[in-house]
Amino acid sequence: MDKGIENLISARKLLKASVEKSKSLGLSLEKFGPRLDEINQRLPSLEVAIRPIRAERDALSAVGGHINRAVVPAAAVLKVFDAIHGLEKSLSDPQYDLPGYLVEYLEDHKVADEWFISGLKKALSSLRELEAGEEKGRLDGGLLEIALNRLENEFRRLLTENSVPLPMSSPTLPGEQACIAPSPLPVAVIHKLQAILGRLAANKRLEKCISIYIEVRSSNVRASLQALNLDYLEISVSEFNDVASIEVYIAQWGKHLEFAVKHLFEAEYKLCNDVFERMGLDVWKSCFAKIAAQAGILAFLQFGKTVTESKKDPIKLLKLLDIFASLSKLRLDFNRLFGGAPCAEIQNLTRDLIKRVIEGACEIFWELLVQVELQRHTPPPSDCSIPRVVSFITDYCNKVLGDDYKPILTQVLVIERSWKHEKFQERILINELLNLVKAIELNLETWSKGYEDAVSSYLFLMNNHWHLYKYLKGTKLGGLLGDSWLREHEQYKEYYSTMYLRESWGKLPSLLSREGLILFSGGRATARNLVKQRLKSFNEAFDDMFKKQANWVIADKDLREKTRQAIIQTVVPVYRSYMQNYGPLVEQDQSASKYAKHTAQSLEKTFNSLFHPKPLKHGSFKVRHPSGKFNIGTVDQQQTPPTVK
């Protein structure tokens with residue numbers, strides 16, 4: 001009985017131990033269940049990986065030696081790849097078709113089955129498409145894209161750090177020979193840029209490099225030009241009244257354009273060639289064209305066009321000739337720098353500007369005679385001075401005949417005539433200028449008849465004949481007119497000077513007659529009355545003449561002094577003698593100040609105050625033209641003679 005109980009107890013313990021063991025096994029199975037699922041999911045890929053091993057035994061034995069020999073080089077390749085991956089440097093282009101070679105080898109030696117090789121081919125084809133497309137830079141986790149971006153950044157850095165605005169204390173001065181600026185980048189830097197360009201171009205990033213280059217270099221040229229203060233290039237036609245108001249800008253424009261072309265754009269042209277030479281002619285010339293356009297060459301051409309669109313004015317002719325001379329001087333540079341197809345816009349704007357300049361200059365030149373003739377119908381100057389048209393035409397003709405303008409105007413007229421299929425002869429230019437002078441002479445004759453009194457007319461003619469003589473003598477225009485023509489005007493000046501003095505101040509001495517005063521034949525009282533009457537007449541005549549002539553002008557300093565002295569010598573000695581002899585008769589009278597108003601010194605001072613010129617007015621003349629082509633306005637008077645060059 002006892003033995004049975006012990007067996008039961010042992011069985012219970014065994015069962016209990018078995019239950020505990022089952023529970024533990026259940027827990028273990030529950031714990032390893034997910035791992036089994038994971039292994040189950042990996043089995044297909046493992047099957048694919050070991051499929052090549054399922055090849056025939058003889059084939060596997062044949063490649064065994066190749067595999068053994070490849071293990072060491074493969075390990076070395078992995079080490080190099082790891083180093084490259086760590087450094088994230090750019091990848092080299094494959095020299096050989098390694099993927100194609102491997103596939104062919106696997107097929108020839110039956111190392112893998114057809115299903116595996118087919119999948120491999122599809123994978124390699126997809127890789128090739130990615131490499132050729134936009135996803136190329138994202139291969140190997142973006143390694144190639146990072147490397148290429150760093151090359152672009154280095155390209156920009158090299159350009160930016162070595163692109164320094166050209167220092168300019170002043171632009172090229174007249175008479176100096178403009179030097180061609182050297183390449184603005186060191187040779188070592190250019191070589192680095194070329195190397196980077198080659199690598200980026202191979203990876204289809206050339207356009208980005210060009211964009212960076214244009215941005216940096218055009219900005220550098222603009223910075224160089226800022227020192228010249230080129231704000232005037234943005235001026236519009238509505239912002240100025242006439243060409244004379246921007247004359248100083250036109251002069252600066254020629255110097256600044258020459259400086260920009262010979263120093264800045266020349267250097268950029270050479271640098272584009274140096275950096276992009278291996279990329280081809282079209283590439284670097286297109287790059288230069290965009291730099292030139294963005295840096296400011298178009299603004300220079302637009303300013304010239306703005307001048308051609310301004311109001312027509314005789315002085316505008318000379319300014320247009322200045323513009324033509326500047327463009328002509330740079331013609332060879334323009335043709336060389338901007339002659340290619342990429343610079344078509346610059347070429348078109350330049351041709352249009354030249355056409356506008358030639359047409360505008362010729363139109364003014366041929367119409368100028370009509371403008372002078374129209375002046376004939378305007379009133380003469382009230383101050384008897386030299387009309388602006390007279391001084392302008394004499395100065396203008398001498399400038400046109402000078403060495404600076406005659407060759408330019410001749411060239412312009414030749415081109416204009418060639419467009420009309422006509423021949424130009426130099427005599428045509430000479431005759432047109434001589435006709436202008438003849439028109440001025442007719443104008444003077446007509447204007448002299450417009451004064452209400454002869455004295456004004458005499459002073460006016462004296463002024464203008466002297467101007468024609470003095471300011472044309474020794475000039476090229478004077479040489480064309482001849483010595484006899486010049487002497488004739490000198491004689492006219494002498495004649496009208498004499499007539500002026502005789503009919504005005506020359507009448508005063510006769511008012512101080514001594515008749516009836518010799519030895520006081522009629523008594524002192526009678527003599528006193530005679531002196532009073534004659535001094536009163538003198539004073540009244542003097543005051544009238546002075547009042548009338550106080551605003552009259554003699555422009556030429558020598559003629560002004562000579563005329564004053566002639567008046568003083570005519571009047572003052574007679575007045576001084578008269579007052580010395582007969583002044584005491586009235587000086588003792590209570591009303592002495594009424595008659596003895598002047599002294600010899602005060603008269604002389606008064607005469608020396610006559611004929612002062614008014615402030616100089618600049619510019620040419622303006623007239624009303626029936627067609628409205630020229631500026632509309634009244635005749636303005638030039639108060640002082642111009643400087644004849």
Side-chain angles (χ1 to χ4, degrees), residues 168-176 178 222 224-264 296-330 350 353-354 356-358 360-361 364-365 368 388-389 391-400 402-406 408-409 412 614-622 630-631 633 636-645:
M168 294 174 288
S169 57
S170 64
T172 306
L173 299 175
E176 290 185 0
R222 287 195 300 271
S224 299
L225 290 173
Q226 283 180 355
L228 299 178
N229 190 18
L230 299 178
D231 292 343
Y232 68 87
L233 294 180
E234 304 299 326
I235 194 171
S236 63
V237 177
S238 61
E239 293 181 80
F240 61 92
N241 295 324
D242 50 40
V243 171
S245 63
I246 60 168
E247 187 173 353
V248 62
Y249 294 143
I250 297 174
Q252 291 177 351
W253 177 85
K255 297 176 184 177
H256 292 164
L257 177 61
E258 180 179 357
F259 185 86
V261 170
K262 289 187 173 292
H263 288 262
L264 299 179
I297 188 64
L298 300 182
F300 277 102
L301 298 175
Q302 179 58 46
F303 176 81
K305 181 181 178 182
T306 299
V307 174
T308 66
E309 293 173 343
S310 63
K311 296 177 182 178
K312 193 180 300 183
D313 190 306
I315 199 173
K316 180 180 174 181
L317 170 61
L318 300 180
K319 300 302 105 183
L320 291 177
L321 293 181
D322 288 337
I323 292 177
F324 182 84
S326 297
L327 293 174
S328 181
K329 185 177 182 181
L330 296 172
T350 304
L353 175 57
I354 293 174
R356 286 172 174 269
V357 168
I358 292 175
I364 294 174
F365 178 77
L368 194 53
R388 177 174 294 181
V389 63
S391 56
F392 175 83
I393 290 298
T394 53
D395 187 44
Y396 160 85
C397 289
N398 273 313
K399 284 183 177 180
V400 167
D403 296 334
D404 292 335
Y405 284 110
K406 185 179 178 182
I408 302 171
L409 179 57
V412 166
K614 296 181 179 66
L616 179 64
K617 298 180 182 179
H618 295 279
S620 59
F621 61 95
K622 301 177 182 179
F630 271 64
N631 284 348
D636 206 348
Q637 310 306 331
Q638 176 86 5
Q639 305 300 345
T640 60
T643 301
V644 178
K645 298 180 181 179

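Going from atom CG of L228 over to atom CD of Q252 covers 9.0 Å, rounded to the nearest 0.5 Å. Here the CG atom belonging to L353 is positioned 10.5 Å from the CZ atom belonging to F324, to the nearest 0.5 angstrom. Note that CD1 of I323 is 13.5 Å distant from OG of S328, once rounded to the nearest 0.5 Å. To the nearest 0.5 Å, atom CG of residue L320 and atom CG of residue L409 are 11.0 Å apart. Note that NE2 of H263 is 7.5 Å distant from CD of E258, once rounded to the nearest 0.5 Å. In this structure, NZ in K316 is found 9.5 Å from CD1 in I250, a value given to the nearest 0.5 Å.
Around OH of Y249, the count of heavy atoms belonging to other residues, nucleotides or ligands within 6.0 Å does not exceed 12.
Here the shortest heavy-atom pairing between Y405 and K399 reads CB-O, 3.2 Å. Across all non-hydrogen atoms, the minimal contact from P314 to I364 is CA-CG2, 4.0 Å. The shortest heavy-atom contact between L225 and A260 is CD2-CB, 4.0 Å. Taking all atoms of both residues into account, the shortest heavy-atom contact from S326 to G254 is OG-CA, 3.5 Å. Considering every non-hydrogen atom in both R388 and S391, the closest pair reads O-OG, 3.1 Å. Here the closest non-hydrogen pair linking A361 and V412 is CB-CG1, 4.3 Å.
Using a 4.5 Å heavy-atom threshold, the side chains of Q302 and L233 count as separate. Between D322 and W253, every side-chain heavy-atom pair lies at or beyond the 4.5 Å cut-off. Using a 4.5 Å cut-off on side-chain heavy atoms (C-beta onward), Y232 and H256 make contact.
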For this session: For the pair I297 and L257, evaluate side-chain contact (heavy atoms from CB on, under 4.5 Å) and give the outcome as yes or no after the intermediate values.
Result: CA-CA 8 Å; I297 188 64; L257 177 61; 4.0 Å; yes
Exercise. Could you go step by step and tell me if L330 and K262 meet the side-chain contact (heavy atoms from CB on, under 4.5 Å) rule?
Worked result: CA-CA 9 Å; L330 296 172; K262 289 187 173 292; 4.0 Å; yes
For this session: Would you sort out whether I393 and L368 count as a side-chain contact (heavy atoms from CB on, under 4.5 Å), showing the intermediate values?
Result: CA-CA 9 Å; I393 290 298; L368 194 53; 4.1 Å; yes
For this session: Test L230 against F300 for side-chain contact (heavy atoms from CB on, under 4.5 Å), laying out the working first.
Result: CA-CA 9 Å; L230 299 178; F300 277 102; 3.9 Å; yes
